[in-house]
Amino acid sequence: MDILNVLPEATFAALDDLLTFISIYDDRARTRAYLRLLRAHRRAIAGAVCVDAGCGMGYFSEELVRLGARRVYAVEANPHLYALASERLAAYSEVVCVHQEIQQFEPDEPVDVLVHEFFGPLLYDEDLHVLEALRFRPRLVLPDRAVLMGGLTWIEQVADETVTPAVVRRLEGALVSGLFDEGDLPLQFPVARWAFGQAEREVVCDLSGREGDLLYLGLQIYHGDRLICQAGRCPNWPYVWTPRMGNRFRLRFVPAERGAEVHFAWL
């Protein structure tokens with residue numbers, strides 16, 4: 001879904017985020033995976049003070065109430081999503097809807113559980129960096145870690161009549177999401193990691209000794225050792241592709257006003 005007419009910049013950004021969230025909610029596998037994660041921690045959630053960071057339309061805030069949370073702060077910066085969440089959650093006395101950036105939110109009581117989903121297809125390419133600037137310290141973060149994985153294959157094995165090998169090789173230096181169907185291509189090696197309180201926003205990856213002329217990258221989300229969801233299974237996080245131009249590459253993420261800038265280069 002794309003906005004096709006000219007709008008004031010702030011209006012465009014707010015509506016664009018709204019449409020992005022609609023596409024996120026279309027990823028039923030992602031939603032089911034998060035609900036399973038919450039339900040697996042029902043004992044920690046029951047009677048707890050919870051924060052749903054970037055609550056969107058309030059689906060997970062509602063589930064936190066159902067699991068017995070004493071109070072849920074549903075924090076959302078987008079005005080349209082905040083209005084929709086407020087309407088959805090109005091019947092729950094346990095929920096406090098907060099129209100604010102999560103890094104500016106400062107509750108007046110200790111937080112037991114933080115729920116978030118700020119991951120991009122490249123791990124750090126959306127808003128994950130905001131969790132480094134929280135004004136509170138939750139006892140439990142759901143989920144608490146993720147890994148950007150990589151793999152190599154041969155262009156000829158995935159190319160088709162439209163996206164031919166010649167087309168792919170023209171994409172030198174570009175990271176392209178959704179270029180091909182992931183199929184059964186395995187994620188083979190770690191590229192960058194995130195854990196709550198620990199970030200790797202700049203990495204150099206060495207592919208020496210690995211075969212293939214097409215690099216692909218995909219996200220894996222964990223809580224502890226449990227895999228919650230990953231690229232290829234949850235459509236919200238597609239594989240990202242680029243033709244191989246060497247044995248080493250650098251990937252760097254710079255927080256920006258909206259999301260993060262992705263800097264990629266073969267070395």
Side-chain angles (χ1 to χ4, degrees), residues 1-31 34 52-61 73-90 97-105 116-133 148 160 162-164 166-182 201 216-219 231 234-243 251-265:
M1 289 174 282
D2 296 312
I3 299 169
L4 301 181
N5 61 309
V6 176
L7 294 170
E9 184 175 353
T11 302
F12 179 94
L15 289 175
D16 188 52
D17 284 346
L18 170 63
L19 295 176
T20 297
F21 248 89
I22 291 173
S23 67
I24 289 172
Y25 282 126
D26 280 341
D27 183 351
R28 305 294 176 83
R30 167 225 181 241
T31 300
Y34 261 75
D52 185 2
C55 73
M57 297 180 186
Y59 289 5
F60 298 148
S61 294
Y73 292 97
V75 184
E76 177 55 57
N78 182 283
H80 303 294
L81 291 167
Y82 169 75
L84 291 167
S86 297
E87 182 177 344
R88 182 183 190 89
L89 301 169
C97 291
V98 181
H99 184 206
Q100 197 171 38
E101 300 281 357
I102 188 61
Q103 62 269 36
Q104 297 172 357
F105 172 63
H116 73 95
E117 199 277 84
F118 289 125
F119 303 110
L122 291 171
L123 181 57
Y124 292 104
D125 54 319
E126 291 191 4
D127 292 311
L128 194 56
H129 63 276
V130 302
L131 297 182
E132 300 168 26
L148 179 64
D160 55 36
T162 304
V163 187
T164 64
V167 169
V168 175
R169 293 186 180 101
R170 289 286 177 178
L171 300 175
E172 176 184 342
L175 299 175
V176 183
S177 67
L179 187 63
F180 300 109
D181 292 332
E182 294 84 2
R201 289 212 301 265
Y216 56 90
L217 304 168
L219 180 68
C234 295
N236 186 54
W237 298 296
Y239 278 19
V240 177
W241 311 80
T242 194
L251 193 55
R252 183 165 62 96
F253 303 92
V254 179
E257 186 174 346
R258 296 187 68 199
E261 296 176 350
V262 179
H263 298 263
F264 173 78

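We number each residue from 1, following the sequence as shown.
For the pair L148 and L217, the tightest heavy-atom approach, listed with the atom from each and the gap, is CD1-CB, 4.1 Å. When all heavy atoms of N236 and I24 are compared, the closest pair comes out as OD1-CG1, 3.2 Å. The two residues E76 and G54 make their nearest non-hydrogen contact at OE1-C, 3.3 Å. Nearest heavy-atom pair, D16 versus I3, reported as atom, atom and distance to 0.1 Å: N-CD1, 3.8 Å. Contact detail for A256 and E261: the closest heavy-atom pair is CB-CG, 4.1 Å. In terms of heavy-atom proximity, D52 sits nearest to S61 at OD2-OG, 2.7 Å.
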After noting the C-alpha distance and the side-chain angles of I22 and M57, does the key distance pass the side-chain contact (heavy atoms from CB on, under 4.5 Å) rule?
-> CA-CA 9 Å; I22 291 173; M57 297 180 186; 3.8 Å; yes

Before giving the answer on side-chain contact (heavy atoms from CB on, under 4.5 Å), spell out for T31 and F60 the whole-Å C-alpha distance, their side-chain angles and the decisive distance to 0.1 Å.
-> CA-CA 9 Å; T31 300; F60 298 148; 4.3 Å; yes

Kindly indicate, with the supporting measurements, whether the criterion side-chain contact (heavy atoms from CB on, under 4.5 Å) is fulfilled by Y59 and R88.
-> CA-CA 8 Å; Y59 289 5; R88 182 183 190 89; 3.1 Å; yes

Run the side-chain contact (heavy atoms from CB on, under 4.5 Å) check on V262 and F253 step by step: do they pass?
-> CA-CA 5 Å; V262 179; F253 303 92; 3.9 Å; yes

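Put simply, the side chain of D2 never gets that close to the backbone of L4: no donor and acceptor are under 3.5 Å apart. Of the possible polar contacts, one joining the N78 side chain to the L81 backbone as a donor-acceptor pair under 3.5 Å is found. In this structure, the side chain of D125 does not engage the main chain of A260 through any donor-acceptor pair within 3.5 Å. E117 places a side-chain N or O within donor-acceptor distance of the main-chain N or O of F119, the cut-off being under 3.5 Å. Q103 contributes no side-chain N or O that, together with a main-chain N or O of V130, makes up a donor-acceptor pair within less than 3.5 Å. No side-chain donor-acceptor contact under 3.5 Å links S177 to the backbone of V240. No donor-acceptor distance shorter than 3.5 angstrom exists from the side chain of Y124 to the backbone of V254, with no hydrogens or angles considered.
Annotation for Q100: atom CD counts as buried by contact number, over 12 foreign heavy atoms lying within 6.0 Å. Within 6.0 Å of atom CD in E172, 12 or fewer heavy atoms from other residues, nucleotides or ligands are found, so the atom counts as exposed in its surroundings.
Proximity of P79 to H99: side-chain heavy atoms (C-beta onward) are separated by under 4.5 Å at one or more points. The shortest distance between side-chain heavy atoms of R28 and P235 does not fall below 4.5 Å. E182 is not listed as a side-chain neighbour of Y216, based on a closest heavy-atom distance of 4.5 Å or more.
Here the CD1 atom belonging to I102 is positioned 8.0 Å from the CG atom belonging to L131, to the nearest 0.5 angstrom. Interatomic distance, T242 OG1 to F264 CZ, rounded to the nearest 0.5 Å: 4.5 Å. Atoms CG and CG, from D160 and L179 in turn, are 8.5 Å apart once rounded to the nearest 0.5 Å. Interatomic distance, R201 CZ to R252 CZ, rounded to the nearest 0.5 Å: 10.5 Å. The line from CG of L175 to CH2 of W241 is 13.0 Å long, rounded to the nearest 0.5 Å. The distance from atom CG of L89 to atom CG of L84, rounded to the nearest 0.5 Å, is 10.5 Å.
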